[in-house]
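All remarks here apply to the structure that follows.
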Protein chains: 2
Amino acid sequence: MSEKASRKGDKREAIVEAAIEVFAQKGFHAARISDVARAAGVADGTIYLYFDNKEHLLLSIFEEKMDFLREGLLAALDGVDCPLERVRVFARYHFDSVRRHRAVSEVLQVELRLSHKFLKDYRPEKLWDYLRVFEQIVRDGQARGVMRPDVDPFLAKWAFFGALDELGQQYVLSRRERISPDAAAEQVADIFLRGMATNAPAPSR
Amino acid sequence: MSEKASRKGDKREAIVEAAIEVFAQKGFHAARISDVARAAGVADGTIYLYFDNKEHLLLSIFEEKMDFLREGLLAALDGVDCPLERVRVFARYHFDSVRRHRAVSEVLQVELRLSHKFLKDYRPEKLWDYLRVFEQIVRDGQARGVMRPDVDPFLAKWAFFGALDELGQQYVLSRRERISPDAAAEQVADIFLRGMATNAPAPSR
DNA sequence: CGGGAATGAATGAAGCTTCATTCGGTTAGC
DNA sequence: GCTAACCGAATGAAGCTTCATTCATTCCCG
């Protein structure tokens with residue numbers, strides 16, 4: 001029953017998940033459509049029933065997974081009021097996502113950058129949405145007086161993301177031998193919190 | 001005279017510089033050998049007199065330019081004693097390099113990551129040498145008591161580099177409209193210095 | 001049986017690499 | 001001093017491989 005009911009979406013879903021694994025493993029460029037097809041258990045041509053071309057398949061992964069990540073982030077932040085604490089939760093959530101969705105992270109870390117740079121008209125709006133959450137946390141923190149007003153939220157956002165992303169990449173590349181995601185999260189949070197907080201925190205409210 | 005004396009190295013050099021421009025512009029994958037050859041003013045086949053293959057050409061760029069960057073960094077740090085100040089100089093030097101060698105930066109930012117991840121046996125030792133300078137600054141700072149001992153120099157190194165690299169990338173991508181390299185350098189330095197410094201600096205010696 | 005979904009072999013473009021050939025300059029012989 | 005033989009850097013057209021994509025055919029469900 002349930003197998004049949006979800007039949008339609010199943011194949012598309014299988015292709016997406018297979019593509020994530022294959023792209024993470026070999027990289028988008030080196031991955032062949034036939035690799036993805038084999039991993040998904042479908043024929044080469046079937047992929048073209050669901051996606052216009054190889055590139056479109058990649059972009060679909062970006063869009064869908066970034067949406068998914070952002071939603072998880074908002075859920076993780078839900079109920080956390082203090083901007084300082086929200087920064088810490090952000091860092092923890094990010095590294096937790098890397099650990100739990102390793103292949104997705106690998107694809108995003110490498111291919112999203114590449115696509116943004118070289119695909120003529122692709123703008124990673126979904127990534128920006130994700131990061132805008134951090135920017136807003138900083139603005140809130142400044143409005144509440146718990147973060148220094150001379151921090152530039154725009155620059156801080158990219159610095160913070162760069163730190164998260166680079167450590168995430170090292171974690172993934174090093175096959176988790178050298179880096180503990182938990183330690184990385186606390187370290188990045190510590191540095192940025194001390195870096196951005198006002199010396200004398202305003203009274204909590 | 002001098003033209004003849006330097007005749008030999010000239011062509012190789014021309015190819016490397018042309019490749020940097022072309023790779024920065026189109027990306028390694030999309031760049032054709034014939035593009036590089038045309039830009040360098042040589043024939044396609046000539047490139048293979050100096051480089052084993054396309055990939056080797058790319059790796060040569062990494063090796064040579066990272067060496068160059070590290071030497072410049074050491075020169076910039078020369079005579080700067082205080083670890084805190086050295087962090088600031090590092091950040092300034094990095095963004096200055098991005099601004100002054102935009103094409104090189106673009107190639108390193110994108111292709112070095114890719115190569116590290118997907119070329120079976122390429123380890124970007126030269127990048128690690130560059131970053132090890134930062135790690136050593138932190139260790140010195142801790143030994144002198146001006147940086148918190150609970151900062152992990154290894155993690156801090158990657159976080160710092162991630163922040164520099166991401167902002168550098170945004171600067172390059174945005175065609176320098178939104179980001180001032182100077183502001184970025186000060187912002188990253190500020191955050192990391194406040195993030196890593198001990199509250200009460202030890203007496204300077 | 002009808003029709004949409006799926007197949008996978010065939011196609012053809014793309015571009016890295018090769019290599020037979022060219023050509024300017026250097027050496028050696030007279 | 002002049003010419004001939006040689007050298008090896010440089011050339012660039014063509015070969016060869018590698019896939020992304022297509023589409024005629026088959027399959028299977030209702």
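These figures come from a predicted structure and were not determined experimentally. To find a chain, count down the sequence lines: A is the first, B the second, and so on, and within it residues start at 1.
The side chain to side chain donor-acceptor pair (under 3.5 Å) check on B/Y130 picks up B/H94, with sequence neighbours excluded. Every residue two or more places apart in sequence or in another chain was checked for a side chain to side chain donor-acceptor pair (under 3.5 Å) with B/D152, and none qualifies.
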Please table the atom pairs, donor to acceptor, closer than 3.5 Å between any side-chain atom in residues 155-166 of chain A and protein atoms at least two apart or in another chain.
residue	atom	partner	partner atom	Å
A/K157	NZ	A/E135	OE1	2.7
A/D165	OD2	A/R113	NH1	2.6
A/E166	OE1	B/R113	NH2	2.4
A/E166	OE2	A/Q170	NE2	2.9

Going by atom type alone, with no hydrogens or angles, which donor-acceptor pairs under 3.5 Å involve a side-chain atom of residues 64-76 of chain B and a protein atom two or more places apart or on another chain?
residue	atom	partner	partner atom	Å
B/E64	OE2	B/R12	NH2	2.3
B/K65	NZ	B/E17	OE2	3.2
B/D67	OD2	B/K126	NZ	3.3

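Residue B/K11 places at least one side-chain N or O under 4.0 Å from the OP1 or OP2 atom of D/dA10.
Residues in residues 43-54 of chain A take part in no salt bridge (charged side-chain N to carboxylate O under 4.0 Å, His left out) pair, two or more places apart or across chains.
The distance between atom CD1 of B/I47 and atom P of C/dC16, rounded to the nearest whole Å, is 10 Å.
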Item to complete: Could you run through nucleotides 18-24 of chain D and give me one letter per nucleotide, 5' to 3': B if any protein heavy atom sits under 4.0 Å from the base, S if only the sugar-phosphate is that close, - if neither?
Response: -SSBB--

